[in-house]
Amino acid sequence: MTSPERQPLLHDLAVTLAAPTVVLSRPDGDLDAAAPGAGVHGLFHADIRALSLLRVTLRPDHAPSGEHAGKAPPAGGGGREGEAEATGEDWLPAAAVMNATDGPGRSRFVGLVQALGDAIPDPTVRVDRQRTVTPGRLTERLTVRSTATKPVHLAVRVEVAGDLVTLEHAKAGLPPRFAVEPTSELSSGAGVLRWGDQAVAVTVSAPGATPDAERSTLTWTLTVKPGENVDLLLAVEVSDTAAVVTAASPKPTWQRPEITADDRRLPALVAQSLDDLHSLRMATAESPGDTFLAAGIPWFFTLFGRDSLWAARMLLPLGTDLALGTLRTLAARQGTRTDPAAEEEPGKILHEVRRALFDDGQGLRLPPVYYGTVDATPLWICLLHDAWRWGLPADDIEPLLPALQAALGWIDSAAQAGDGFLSYIDHTGTGLANQGWKDSGDAARYADGRLAEAPLALAEVQGYAYEAALAGAALLDDFELPGAEHWRTFAARLADRFRARFWVSDQQGPYPAMALDGSGRPVDSVTSNMGHLLATGILNADESATVAARLAAPDMSDAYGLRTMSSQSGGFGPLRYHCGTVWPHDTAIAIAGLAHARHPEAAARLIEGILAAAPAFDYRLPELWGGDARADTPAPVPYPAACRPQAWSAASAIALMTALTGLEPDVPAGRLHLRPTGPLPVGALTVTGLTVAGERLDVAIGSDGRIESVSAPEGLIVEEHSDEGTRFAQRAGAVPGPLTDRDQHATRDQ
């Protein structure tokens, strides 16, 4: 297990990002990876830490402003923090009083320096920091503001350093290496420091500042008059010729919808999530035109098969461009050979991509392209199918059909090797022991808490395979390729095997086991894995109702969302990574399945849990949080090492919105299904600016769950499904108003 010393904590860090660049700092804006408890401070670019130190300090300067302007401070002015100046005064930090995100790639910090200005209780000098991150560049505007009654003479110093270590070095909790020796220069009136190696080049520039390479500082001296503001500019530029990931195209990847709801938490959550998702857009160096979402900050700031696929799938209501970029990027690296060291197999979709061997120092050693995931391949097929249903053009799908056939072939081979089920095992002993989404080493447990041993066949993966088989059959039929009937038969037989082998019972009744172990015995803990089955089709109506009841029971759902493991199971812990915590994407998948299977009360219970958690994280949902009961804690307990933002956590906001509206398009069939969840837990809901078949879609739903208006692309037949039956309306552009019996008869007459 990872010790606390080797698992840097993340929860309190200020995060500013624009993939592939991110800054992780203290709440005051400073970062110092060498400070005790600093965790994973740094400016990271494409898995390399370009900055390990960025510290702003100030000191009084008693000389008139004209005497120092543009010059270095008196002797000692570039000293390290804690060293006395010639005047006997130390460099002072600005005490943090505010930090906040300010849109994609932007953060603001406000600090006070009470030793400067008037000698009164009220602060009269403050420093505002406006941080902006764009791919490969950090810009900070430092604004010194004074309301003092006399001019304030001061020096402002920025200390910077970089150690150029890899991300896994930081993740292991190792201290920074010695900073790379900088060089300094004055260029066009700007102080400049530079450092780098054969691949990475870092340039720090500060107009008007004096550079000192020996002390690695940039220093301004200035006078701020009463009521005056003085702006100072700092810029850091990073290039990396060895990076495997790069910035996405600046062209928008999706359309941004507008959401209004009686419950204002939902629009706030969607707004922040879309900002975060925009900043997580990324591409590979080989295919810069194909955008996907990096999995999360900081550990997963790259292409991850499963994570990127789920996030793209959740964002389909905003357009199909992200799905297409994700599908293409993964298809380009689809397995072509059998390589146990990389877990590569023909047709298999990869798990993750890194710049070099990933070694966490604790026995995990992953090659740069690693295929150790059992679920990414069926999920790739499901995304292709869903994107087709949302209107991805045939011209974009056809080049991907060979990858579809190869992926289906991998499912066939994997099922034959796994006694009819998709299973996994780490062939090397240095890869991931668990290769589903719950991939920590202790994630798979029996009901008594004992660990299960691989090979394991996870319940949800069989559901994905069932869904992928039927999805593949539909695509093969539509594009006139052979094999569809084989896959329909495969799906039917898989469902029969699943029904016979996975279902177990306890004192509360039946439920699907988490997995089957290598001997075929059910891993019988009660877990959230069963929630993933609801939307796949592998369960019949009665089985779905049973699963819904288990998910809605207090042992699973009285937390701030859906627990990964029942609080009554052995091995449960509210802060165990996959054995009792709440993951928002996991909850959102269950919500979507509950809504699809027509269990609105259970869905509403979980929706309320997520919405109750969101304000505690300023609506930036982290990777996970504690599984404590809502009745026991007034807010969710943070998981201190959780990544934030995380792509599928942010995308969960869109998944919640989609579940509430019940949107299920079938563009190839010319239909748009709407199945609202009944009385909405968020009250009346209006969503405008969604995208289906490349065109705009607007939906308004009353608090009672009845559709009030729909504006859909011309030619799509809108079907409203409710407990009272199905109503139809032919939509030709914007046609507001509720669906009526007249609409129903008109459609049937056509």
Side-chain angles (χ1 to χ4, degrees), residues 253-255 277 291-293 305-331 349 375-394 396-401 403-404 407-408 411 460-461 463-479 484 487 491 532-538 585 588-593 595-597 647-648 651-652 654-659 661-675 690-695 697 713 716 719:
T253 310
W254 53 75
Q255 298 300 313
L277 291 163
T291 299
F292 60 89
L293 290 175
R306 175 194 311 118
D307 301 53
S308 299
L309 286 163
W310 264 122
R313 200 174 181 191
M314 292 177 178
L315 291 184
L316 280 170
L318 311 188
T320 58
D321 286 353
L322 177 66
L324 180 60
T326 305
L327 291 163
R328 283 175 171 169
T329 301
L330 291 168
I349 298 297
D375 50 14
T377 307
L379 288 172
W380 187 95
I381 297 170
C382 292
L383 176 60
L384 178 64
H385 173 266
D386 288 0
W388 173 59
R389 295 272 299 241
W390 276 92
L392 183 64
D396 290 324
I397 294 174
E398 286 175 352
L400 294 170
L401 293 176
L404 167 67
L408 288 168
I411 291 176
E460 75 274 18
V461 174
Y464 302 158
Y466 175 91
E467 184 180 6
L470 294 181
L475 287 163
L476 293 174
D477 273 345
D478 197 77
F479 287 87
W487 288 105
H532 291 228
L533 299 170
L534 289 165
T536 66
I538 199 171
H585 90 281
I589 291 169
I591 289 169
H596 176 80
W648 59 13
S652 295
I654 305 302
L656 295 188
M657 177 206 70
T658 307
T661 60
L663 279 170
E664 294 183 10
D666 188 354
V667 171
R671 292 181 178 267
L672 175 64
H673 305 274
L674 291 104
R675 296 179 173 89
L690 298 174
T691 302
V692 62
E695 298 185 39
L697 170 65
L716 280 183
E719 299 184 4

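Counting from 1, the numbers follow the sequence of the chain as shown.
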Over 60° means perpendicular and under 30° means parallel, so classify the ring planes of His532 and His585, tilted if in between. perpendicular

Is Asp375 paired with Arg306 through a side-chain N to carboxylate O contact shorter than 4.0 Å?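 Salt bridge between Arg306 and Asp375, a charged N being under 4.0 Å from a carboxylate O: yes.
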
Given Val692 and Val667, is the side-chain contact (heavy atoms from CB on, under 4.5 Å) satisfied, shown in steps? CA-CA 8 Å; Val692 62; Val667 171; 3.7 Å; yes

Between atom [atom1] of [X] and atom [atom2] of [Y], what is the distance when rounded to the nearest 0.5 Å?
X      : Y      : atom1 : atom2 : result
Arg389 : Arg671 : CZ    : CZ    : 11.5 Å
Phe292 : Asp307 : CZ    : CG    : 11.5 Å
Leu379 : Glu460 : CG    : CD    : 9.5 Å
Tyr466 : Trp487 : OH    : CH2   : 14.0 Å

Checking side-chain contact (heavy atoms from CB on, under 4.5 Å) against Leu392, which of Asp321, Thr320, Asp386, Leu316 comes through?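 Option passing the side-chain contact (heavy atoms from CB on, under 4.5 Å) with Leu392: Thr320.
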
Short side-chain to backbone donor-acceptor contact, [X] and [Y], under 3.5 Å:
X      : Y      : answer
Thr329 : Thr326 : no
Arg313 : Leu383 : no
Thr536 : Leu533 : yes

Between His385 and Glu467, is any side-chain donor less than 3.5 angstrom from a side-chain acceptor?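 No, because no side-chain N or O of His385 sits under 3.5 Å from a partner of the opposite role on Glu467.
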
Could you tell me if the side chain of Tyr464 sits less than 4.5 Å from the side chain of Thr377, heavy atoms only?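 Answer no - side chains too far apart.
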
Please report the C-alpha distance between Leu400 and Arg328 in whole Å, then the side-chain angles of each, then the deciding distance to 0.1 Å, and finally whether the side-chain contact (heavy atoms from CB on, under 4.5 Å) criterion is met. CA-CA 7 Å; Leu400 294 170; Arg328 283 175 171 169; 4.3 Å; yes

Stepwise side-chain contact (heavy atoms from CB on, under 4.5 Å) check, Leu315 with Leu293: CA-CA 11 Å; Leu315 291 184; Leu293 290 175; 3.8 Å; yes

side-chain contact (heavy atoms from CB on, under 4.5 Å) between Glu719 and Arg675, intermediate numbers included: CA-CA 9 Å; Glu719 299 184 4; Arg675 296 179 173 89; over 6 Å; no

